[in-house]
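To find a chain, count down the sequence lines: A is the first, B the second, and so on, and within it residues start at 1.
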Number of protein chains: 2
Amino acid sequence: MPTTKTLRAGSAHKRAAILTAARELFLTDGFDRTSVDAIAAQAGVSKRTVYDYFGDKQTLLRAVLDAVGQSLVATIRRTLDDTLTDVTEAGELETALVAFAMRIATDMLDSAEYATLQRLAQTESDHLPHRDDQLITYAPDEALGERLAALARAGLLDAPDPRLAADHFIALTFGVALNRLGSANAAEDDRVRPLVIEGVRAFLRAYRREA
Amino acid sequence: MPTTKTLRAGSAHKRAAILTAARELFLTDGFDRTSVDAIAAQAGVSKRTVYDYFGDKQTLLRAVLDAVGQSLVATIRRTLDDTLTDVTEAGELETALVAFAMRIATDMLDSAEYATLQRLAQTESDHLPHRDDQLITYAPDEALGERLAALARAGLLDAPDPRLAADHFIALTFGVALNRLGSANAAEDDRVRPLVIEGVRAFLRAYRREA
DNA sequence: ACCACACTACACCGTGCAGTGTAGTTCGCT
DNA sequence: AGCGAACTACACTGCACGGTGTAGTGTGGT
């Protein structure tokens, strides 16, 4: 490790710093209004280095997008495992779903970030190579869908189309929260929790297995 | 009319042309990437005229936003009156709600347009005078909320918080549709209708009055 | 015939920014 | 000592765009 440590670690560190600075500035100021000079300054790096790491501004945006998407899907999967695995009784269901939604909402303003960045990518810098964006975009829905399918098999839910149920769940919780409160808040806002709880209850009214 | 017709009509016409061109270009290319020259060209008007009508680019954006918001709330209200007024029997409810949602979805990609423009306004051109944006933004939800409250009073729905129910309805229909399909489609896409129908059904499962 | 006005065409200025080229510095390695 | 790589500081080019000033054209009203 000592051989590569200072070099690669330094490299990796700078790379991460650039990505972070770029993400923050893109989110607050928008893609076009963010100058590469500003990114370099905020990252504590010379502009030339930015261009040496990533070829141009578009590629940098692409890299930011990939990084955020990556961490997004990782967090979703982890949270899913933490909160929805050992649910076997109907009584636990609401609590578990609320816990899941709240952890996503707080751990990750990322989700809002990612949506915004997607929009930036799509609108601002027109048509960058589309690649497997859809995979990343739809991954959360599908992961949640699988989990809901498991809950349906366990007799707790009545969800013939689990993927659709997942979309409905997301819409009723994050969708409503993002719609009512600007995407800026997410974490610390007191108004999030009640909204999420009511969303979960509506979801359960629609999808709970009838006795 | 002949006195003002050619003059004012010409003026109004050009004004509208500029607003339309600006809206289209802002939506497809984003605010910053749209040059005033391009707007003038697409509107069939000299750049100078654009600056004579609206003082600068920001003001033009503001005007576009106002115009779209205006037409949005008008369409919502009209559609609400057309589809949800004389519903008195439980059997009509699903059909009526689907009709409402579909007409909004097709008549108006506007809703998607408006959301996108809001984002542009908020992110791109930082802080333009905020004014009564919230009124326009939340108007649809509130209008639908009132209507749902009426349906609740008629004994067709069980919605103690009609405003929340409205948010849930919107999330389950438009939210899901916008999430799955890019905002570009809306109107002609065959996949919209089934999504909307399933959204309405989920909504009714959650909010229909229990016998 | 003339004025006022709306509008165009066009040239023009200033500026901010993407991207490049390069000389110089630091530092780990041998 | 000396080499090479990572990095910085900085100057510089080219361009696109916001905004303005202005001369000229068409047109309706008097």
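- Distance check: B:L97 CG to B:L84 CG gives 5.5 Å after rounding to the nearest 0.5 Å.
- Straight-line distance from the CD1 atom of B:I39 to the P atom of C:dT8: 15 Å, rounded to whole Å.
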For nucleotides 16-24 of chain C, just jot down a letter per nucleotide in 5' to 3' order: B, S or -, based on protein non-hydrogen atoms under 4.0 Å.
-SBBBBB--

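- One interatomic measurement links the two molecules: CG of B:D29 to P of D:dA16, which rounds to 15 Å at whole-angstrom precision.
- Annotation: ring-ring contact (aromatic ring centres under 6.0 Å, His included) contacts of A:F203 (sequence neighbours excluded): A:F169, A:Y207.
- The salt bridge (Lys or Arg N to Asp or Glu O under 4.0 Å) analysis of residues 71-87 of chain B, with sequence neighbours excluded, yields the pairs B:D81-B:R147, B:D82-B:R103.
- Applying the side-chain contact (heavy atoms from CB on, under 4.5 Å) rule to A:D52 yields the partners A:R48; only residues at least two apart in sequence or on another chain are considered.
- Rounded to an integer number of Å, the gap from NZ of A:K14 to P of C:dT26 is 14 Å.
- Distance from the side chain of B:S46 is smallest for C:dT8 among the nucleotides C:dT8, C:dC7, D:dT8.
- Checked against side chain to side chain donor-acceptor pair (under 3.5 Å), B:T59 has the following partners two or more places apart in sequence or in another chain: B:D56.
- Remark: B:S46 engages B:T49 in a side chain to side chain donor-acceptor pair (under 3.5 Å) (not counting sequence neighbours).
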